[in-house]
Amino acid sequence: MPKKIHLNAFEMNCVGHIVHGLWRHPDNNRHRYTDIRYWTELAELLERGKFDALFLADVVGVYDVYKQGAETAIREAVQVPCNDPLLVVPPMALVTKHLAFAVTFSTTYEKPFAHARRMSTLDHLTQGRIAWNVVTSYLPSAARNFGLEQMIAHDERYEIAEEYLDVCYKLWEGSWEDDAVIRDVERGIYTDPGKVHLIRHEGRYFNVPGPHLSEPSVQRTPVIYQAGSSARGRAFAAKHAEAVFLGGGSIPALKRYADDIRAQAAANGRDPAHIKLMTGLLAIVGRTREEAQEKLERFQSLYSLEGVLAHYGGGSGYDLSAYAPDDVLTYAETNHGQTAAAQFTKESPRPQTVREVKETLGTLGGRGLFVVGTPEEVADRIQYWVEETGIDGFNVIQILSPDTLRDFIELVVPELQRRGMFREDYEETTLRERLLGSEIRRLPAGHPGAAYRKQTTLT
Ligand SMILES: Cc1cc2nc3c(=O)[nH]c(=O)nc-3n(C[C@H](O)[C@H](O)[C@H](O)COP(=O)(O)O)c2cc1C
């Protein structure tokens, strides 16, 4: 029996997320992202499709590496305009009962105390259906927006993230005891002060005495996602992540990253099965192969290489407008995203010229797992990729919103269900149980955050 997989819809609170140029397609509704109903309709569609979650990416700066400015990104709507991913969750939670939400938030710029409360608030409002995709950011413009001259060094961003999570774990797990709130009308005691603890965190980057301001939520700690597949990113994932959004794009890279993270997790004393590994999937499905091919040709005709180069420039740090076509692209530590910087350089089986990289980037599906075909053909590739890499699921990328996900749900999900590869219906109630197994509502033993339960001392 093939492995049951997890499916997230991969989205962003913006017009141009990944498939740049397709905002021009008449059937694309992405420009409705500012309408609350756009999000509630998407959530209802995903719940009908029994998806695990809606995964929302985010950045806090503009892509201004390509051609040394933000003009291309702004003209092409490359993740600008872009709104806050956390604020669209409550209305979607209201119209759904099972769909979960993974929101991206960077540990590099905003303080942990306020973020911990935001995530507790969302865990309460969604009744345990929230995850936090921990990123450290990769845009120099983001650093400048938060008062820095330049980006903090890549690995130091992960050092900050380590302490950031420590503070959040102490607030979520070690501040309020489960029975702190008693609402005793007779004695006039809402919460027992002896059961609410300071966390007294004093560290290199943060000093937070506490206590947490939120009472315990269903999961306490939101499910911890992580996206960043550099060596430092994988070490971070092996320690903290319960789910990882792997980059890399090729089967060998995905398999190597997956094996490495699981091995490191075991070395950290964690159960490797408590980390679910996902990657991006771009699927164009038709009722017939001809229909799928027609869609591909139409989409390719609108796909914007300029938009993709602006996106790639921010992610990798490489401004390909500054190279001659026959220059060989070589790996350079850029401080941006090292996964993106490595993809066509040190992860490539052979040296590639800038002309070749541009051809790949300019071809729809050139950067990751990509399939065009009938529902059976798409399901065949999904099954093959899972068997070849050992990953646990996919972040399904939208080309047209919501048509891409509607096609996937109407045509591919039934085929996956028929093969026993995907749930027929929801079973669990919290996202952590859905990913790690029923009864695991809170961080499992072996996770570093679990160590903070009730270890804080009251002054
Ligand atoms: C698949 C994938 C998705 C990512 N999504 C985001 C994102 O939405 N926002 C963000 O700031 N960084 C994102 N990143 C980048 C990293 O999370 C992180 O910000 C930083 O660049 C370190 O990445 P690295 O470990 O690949 O060097 C993503 C990285 C990968 C591999």
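Start at 1 and go down the list; that is how both ligands and their atoms are numbered. When reading the values below, keep in mind they use all heavy atoms of this one structure, side chains included, and skip hydrogens, waters and symmetry mates.
- Taking A100 as the reference, A53, R129, L431, R434 meet the side-chain contact (heavy atoms from CB on, under 4.5 Å) condition, with sequence neighbours excluded.
- Shown are L54, L405, N395; of these, the side chain to side chain contact (heavy atoms under 4.5 Å, CB included) with F10 is made only by N395.
- Residue pairs meeting the side-chain hydrogen bond (donor to acceptor under 3.5 Å, both in side chains) criterion with at least one partner in residues 327-337, sequence neighbours excluded, are E333-Q338.
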Distance dump, ligand 1 polar atoms to protein, N/O, under 3.5 Å:
| unit_1 | atom_1 | unit_2 | atom_2 | d |
| --- | --- | --- | --- | --- |
| ligand 1 | 8 (O) | D58 | N | 3.2 |
| ligand 1 | 8 (O) | D58 | O | 3.4 |
| ligand 1 | 9 (N) | D58 | O | 2.7 |
| ligand 1 | 17 (O) | A227 | O | 2.1 |
| ligand 1 | 19 (O) | T136 | N | 3.3 |
| ligand 1 | 19 (O) | S137 | N | 2.8 |
| ligand 1 | 25 (O) | Y158 | OH | 2.7 |
| ligand 1 | 25 (O) | S229 | N | 3.4 |
| ligand 1 | 25 (O) | S230 | N | 3.2 |
| ligand 1 | 25 (O) | S230 | OG | 2.7 |
| ligand 1 | 26 (O) | S229 | N | 3.3 |
| ligand 1 | 26 (O) | T339 | N | 3.2 |
| ligand 1 | 26 (O) | T339 | OG1 | 2.4 |
| ligand 1 | 27 (O) | H154 | NE2 | 2.6 |
| ligand 1 | 27 (O) | Q338 | N | 2.7 |

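- Checked against the 6.0 Å centroid threshold, F206 and H201 do not count as a close aromatic pair.
- The side chain to side chain donor-acceptor pair (under 3.5 Å) check on Y426 picks up nothing, with sequence neighbours excluded.
- In this pair, F55 and F245 present their aromatic rings perpendicular. The plane angle is above 60°, beyond the 30 to 60° band.
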